[in-house]
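We count residues from 1, following the sequence as given. In each ligand, atom 1 is the first atom listed, and ligand 1 is the first ligand listed.
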Amino acid sequence: MSDPHLSAADPTISELIHKEEQRQFDKVRLIPSENYVSRAVLEASGSVLSNKYSEGYAGKRYYEGQQFIDEVENLAVSRVKKLFGSDHVNVQPYSGSPANFAVYFAFCKPGDTVMGLGLPSGGHLTHGWPVSVTGSYFNAVQYGVRREDQRIDFDEVAKLAKENKPKIMWCGTTAYPRVVDYDRFAQIARDCGAILIADIAHISGLIAGGSHPSPVGKAEVITSTTHKTFRGPRGGMIMCDEKHAKAIDKAVFPGLQGGPHNSTTAGIAVAALEADTPAFKKYAHAIVENAKTFAEALMSHGFKLTTGGTDNHLILCDLTHQNVSGKIAAQALDRAGIECNYNSVPFDPRKPFDPSGIRIGTPAITSRGFGATEMKAIASWMAKVVAAPTDATLLARIAGEVSDMCHKFPAPGISLK
Ligand SMILES: *Cc1c(COP(=O)(O)O)cnc(C)c1O
């Protein structure tokens with residue numbers, strides 16, 4: 001991206017940004033929470049809207065001069081509402097974690113009982129894991145997945161809910177390759193009197209595009225990031241039933257935050273417009289299609305996948321049988337131009353800092369237009385790397401092949417060729 005002012009004012013930062021841009025162009029980016037946003041989103045989120053303070057909500061601000069900011073925020077809200085069909089939307093949370101913390105603040109007092117999927121089973125830190133503030137300020141009860149098939153154990157969810165009567169119950173995942181059954185969760189939450197919160201941070205783009213069922217009408221409150229499959233700027237949003245609108249808005253501001261990041265709000269509005277198109281529906285379906293092809297190809301090379309495959313955008317590989325740790329594999333893959341993250345697998349005997357698995361996903365590579373041929377090529381490279389993670393010659397040769405393939409595909413938001 002050309003940056004005449006930045007390169008003159010601060011050549012060091014300019015150069016680092018250009019290097020990162022080149023890196024994103026040359027590599028196969030498989031981190032499932034990442035993507036390539038459009039140039040339109042980048043322009044909106046890097047705009048003068050960042051100069052403006054707007055504490056409050058449209059029509060009820062604490063600062064003057066909101067003539068255009070109010071319109072921007074109203075547009076973001078109405079577009080997200082239309083896209084998901086939810087009663088009420090708040091686009092001000094700074095990111096996914098603050099959105100979740102606002103939900104706690106809206107419904108819980110410190111010490112209240114809450115329930116969520118444990119981190120080792122694919123849940124998020126903010127769903128009550130002990131190292132998170134959410135696990136230390138609240139009495140967090142964690143459910144998990146079954147040992148035999150690594151799927152969410154609904155018998156356990158129902159039993160724990162009945163015993164503990166949580167105020168809120170989280171359903172939503174960060175490393176779980178299967179569809180979330182919102183009907184089952186809604187039934188369990190109703191039976192124990194909990195408010196069901198769906199955290200769709202990873203899959204909001206899939207839901208908007210119709211390739212994953214929607215929790216709207218099943219979970220009373222829904223939180224999300226805006227920068228994962230949704231393909232917007234880094235931010236967060238909360239959707240809810242009308243009856244919770246006041247509590248959610250109050251929890252975000254003045255409960256937790258000061259002024260909203262207006263440039264991000266504009267970026268969310270642009271992303272929501274982009275997501276409301278046939279092209280985005282095609283994209284959302286292609287993400288899942290690619291993940292399924294990728295999973296099959298990996299299994300044909302002997303990879304063992306948690307749950308035996310995928311229904312969504314991500315794949316969790318358990319490398320135990322390949323005799324290589326997740327960290328060694330992820331580092332070797334990165335040297336070969338294939339970027340992923342090491343990840344615990346359910347019931348992992350190894351420590352989180354060097355666990356047994358790697359987590360990969362198709363949102364970013366699908367944004368570049370990769371299809372079945374590329375999925376098979378990447379799986380085959382991955383098999384070679386995992387079999388010889390210390391073979392520097394091999395890793396360098398694969399990095400060259402990866403880069404050659406990447407150069408055949410444009411990347412949204414990046415002007416390199
Ligand atoms: C990514 C993620 C979050 C946190 O989002 P940040 O923007 O990184 O704070 C919350 N919940 C889930 C399920 C996530 O995957």
Side-chain angles (χ1 to χ4, degrees), residues 29-35 37 41 45 90-106 114-129 131-135 138 140 142-145 152 168-182 185 196-208 212 214-215 219 221-239 248 251-252 256-257 260-261 264-265 267-268 271 287 291 306 310 312-316 340-341 343-344 346 352 359-364:
R29 297 176 55 228
L30 297 180
I31 294 174
S33 47
E34 295 183 358
N35 215 324
V37 303
V41 166
S45 30
N90 186 311
V91 292
Q92 293 193 3
Y94 298 145
S95 210
S97 307
N100 288 353
F101 205 69
V103 169
Y104 286 96
F105 194 58
V114 302
M115 248 177 88
L117 179 64
L119 189 74
S121 294
H124 194 258
L125 283 165
T126 56
H127 298 179
W129 193 242
V131 300
S132 156
V133 64
T134 62
F138 304 100
Q142 306 267 275
Y143 56 88
V145 296
I152 290 172
I168 62 172
M169 184 187 297
W170 291 93
C171 63
T173 65
T174 200
Y176 185 70
R178 297 295 176 178
V179 162
V180 178
D181 187 343
Y182 298 118
F185 276 111
L196 183 64
I197 321 289
D199 178 348
I200 59 169
H202 262 258
I203 55 174
S204 48
L206 303 184
I207 292 168
H212 186 288
S214 170
V221 181
I222 299 164
T223 65
S224 184
T225 60
T226 52
H227 47 271
K228 298 183 184 175
T229 52
F230 193 66
R231 224 162 51 177
R234 296 197 84 90
M237 57 188 176
I238 305 177
M239 304 174 228
I248 288 294
V252 174
L256 190 64
Q257 300 186 169
H261 294 178
T264 298
T265 306
I268 293 172
I287 291 174
T306 299
T310 181
N312 59 19
H313 63 299
L314 79 77
I315 296 165
L316 199 55
C340 67
N341 66 275
N343 213 100
S344 295
R359 187 183 69 148
I360 60 186
T362 52

Quiz item: Partners of His313 by ring pair (Phe, Tyr, Trp, His ring centres under 6.0 Å), sequence neighbours excluded?
Solution: His202

Quiz item: By ring pair (Phe, Tyr, Trp, His ring centres under 6.0 Å), which residues pair with Phe105, not counting sequence neighbours?
Solution: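 Once residues adjacent in sequence are excluded, Phe105 has no partner under the ring pair (Phe, Tyr, Trp, His ring centres under 6.0 Å) criterion.
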
Quiz item: Residues two or more places apart in sequence or in another chain: which of them pass side-chain contact (heavy atoms from CB on, under 4.5 Å) with Ala201?
Solution: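 Per chain and number, Ala201 pairs via side-chain contact (heavy atoms from CB on, under 4.5 Å) with Asp199, Thr225, Lys228.
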
Quiz item: Looking at CD1 of Ile287 and CD1 of Ile203, how far apart are the two atoms once the value is rounded to the nearest 0.5 Å?
Solution: 11.5 Å

Self-check item: Residue contacts for ligand 1, heavy atom to ligand atom, distance under 4.0 Å
Solution: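 Correct list: Ser95, Gly96, Ser97, Asn100, His124, Thr173, Thr174, Asp199, Ala201, His202, Thr225, His227, Lys228.
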
Practice problem: Verify the distance criterion only: is there a donor paired with an acceptor across the side chains of Ser95 and Ser97 at less than 3.5 Å? | Solution: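 Ser95 vs Ser97: no donor-acceptor pair found between side chains.
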
Quiz item: Without hydrogens or angle criteria, can the side chains of Tyr104 and Trp170 be said to hold a donor-acceptor pair below 3.5 Å?
Solution: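 There is such a pair (donor and acceptor under 3.5 Å, judged by atom type) between the side chains of Tyr104 and Trp170.
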
